[in-house]
Amino acid sequence: MKCSLMAVLTALPLGACADAGQLKTEVTINETLPEEVQTVLRRSVENLVFVEGGAFRWVMLAPTLRVKVSMRGH
Amino acid sequence: MGDVGAYITSKSFNEGPLGSYEFVDKNHPDAMWMPWVFQAAGEKRTAEPVHKVTLSSYSMGKYEVTFEAFDVYTQATGNPVLAEGMLGKRSRKPRKPAHLMTWQQARDYCLWLGENTGLNMDLPTEAQWEYAARSRGKKVAYGTDTGMPKKGTNIGPGLGVEKVGSYPPNPLGLYDMSANAKEWMLDWFAPDYYANSPEVDPRGPESGTEKSVRSGKVVLQRYHEPPKAAPRITKEFGYEGHPYVGFRCVVNEDKPIILK
């Protein structure tokens with residue numbers, strides 16, 4: 001049962017539900033790494049969006065294209 | 001470069017099978033412009049067959065990897081500076097998506113992030129990218145906030161790259177899924193792979209000569225490029241190669257990731 005639905009049915013505060021409902025993977029950044037590397041690693045983790053899996057219909061548009069283009073003034 | 005596309009009926013876009021459109025003249029009362037859709041004379045174009053795919057949960061970078069981040073990586077690992085001397089200052093701003101790298105350079109960056117965070121990181125598979133661009137597989141052709149494009153409002157005005165996150169994210173919270181740099185995929189490219197792939201967590205053909213590239217304006221459009229083709233400058237044409245291909249990384253873990 002989804003946590004939010006359970007909260008509605010049981011009058012459980014949503015805030016309390018958020019941490020209890022879903023396990024998370026915790027990441028520790030090695031503090032001996034150079035500061036700028038730590039910053040990149042930290043931002044990379046902070047900027048992750050969790051995508052819950054599921055089924056979908058995979059389609060494509062034909063024809064497929066090459067990206068290759070030539071231009072001046074890029 | 002002028003706009004490329006075709007007029008289709010909005011009814012076929014909204015109500016027909018995904019990717020299958022009725023092509024009409026621009027004066028048709030129900031006509032709508034569909035960029036990057038092509039039609040041969042007399043052809044009723046379709047994206048069939050539709051293929052069901054089931055994906056495990058994963059996490060994806062909210063933004064394309066920037067020059068700022070990629071430069072830290074090259075410096076930390078002793079790799080050559082990306083596209084040094086090939087881009088003007090306006091194109092190589094820190095917050096613009098890193099591009100002009102080979103597929104291997106892009107993948108190595110994701111693996112480096114993974115090694116240093118203890119996470120199983122890599123380039124996204126084509127199926128992962130499309131599922132995320134369509135906000136968990138919704139029936140939309142654009143990875144924008146509304147599912148439709150509006151130049152200058154939710155996609156850029158034309159060719160070239162802009163600072164990452166310049167426009168609103170798609171409903172899943174991912175930026176630039178219908179604009180900015182195109183993106184390297186993990187998969188080898190095969191034109192019919194999407195129709196014959198394994199149903200669960202497809203990772204592309206076993207081998208190939210080109211790698212898949214995604215993130216055109218229309219999220220269903222597929223591209224492909226030789227993985228080792230290094231961009232170059234020619235006297236006649238300026239930059240040649242795959243000038244606008246960047247990337248983002250995914251974490252192949254079925255739980256959300258947080259910092260300790």
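Per chain, numbering begins at 1; letters A, B, ... match sequence-line order.
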Toward chain B, the part of A:R43 with a non-hydrogen atom under 4.5 Å: side chain
Can you tell which part of B:S197 gets under 4.5 Å to a heavy atom of chain A, answering side chain, backbone, both or neither? side chain
Would you say B:Y73's side chain and A:V40's backbone share a donor-acceptor pair under 3.5 angstrom? no
A:E46 vs B:L259, side-chain contact (heavy atoms from CB on, under 4.5 Å): CA-CA, chis, key distance, verdict: CA-CA 7 Å; A:E46 286 171 347; B:L259 279 173; 3.5 Å; yes
So which atom in B:S57 and which in A:G53 form the shortest heavy-atom distance, rounded to 0.1 Å? OG-N, 2.8 Å
Looking at B:V65, B:V250, B:N116, which one has more heavy-atom pairs under 4.5 Å with chain A than the rest? B:N116
Out of curiosity, B:T117 OG1 to A:N30 CG, how far, rounded to the nearest 0.5 Å? 11.5 Å
Where on B:P202 is there a heavy atom nearer than 4.5 Å to chain A: the side chain, the backbone, both, or neither? side chain
Which atoms form the tightest heavy-atom contact between A:V45 and B:I258, and what is the distance? CG1-C, 4.3 Å
In this structure, CZ of A:F50 is separated from CG of B:D254 (nearest 0.5 Å) by 7.0 Å
Are B:Y175 and A:V49 close enough, and set up right, to give a side-chain contact (heavy atoms from CB on, under 4.5 Å), and what steps lead you there? CA-CA 10 Å; B:Y175 291 82; A:V49 171; over 6 Å; no
Part of A:I29 lying under 4.5 Å from any heavy atom of chain B: side chain
Which atom pair, heavy atoms only, marks the closest approach of B:V72 to A:E36? CG1-O, 3.7 Å
Distance in Å, B:E253 CD paired with A:L48 CG, rounded so as to fall on 0.5 Å steps: 10.0 Å
Between CD of A:E26 and NZ of B:K255, what distance do you get to the nearest 0.5 Å? 11.0 Å
From CH2 (B:W112) to OG (A:S44), nearest 0.5 Å: 7.5 Å
Checking the side chain of B:T54 only, and the main-chain atoms of A:A55 only, is there a donor and an acceptor separated by less than 3.5 Å? no
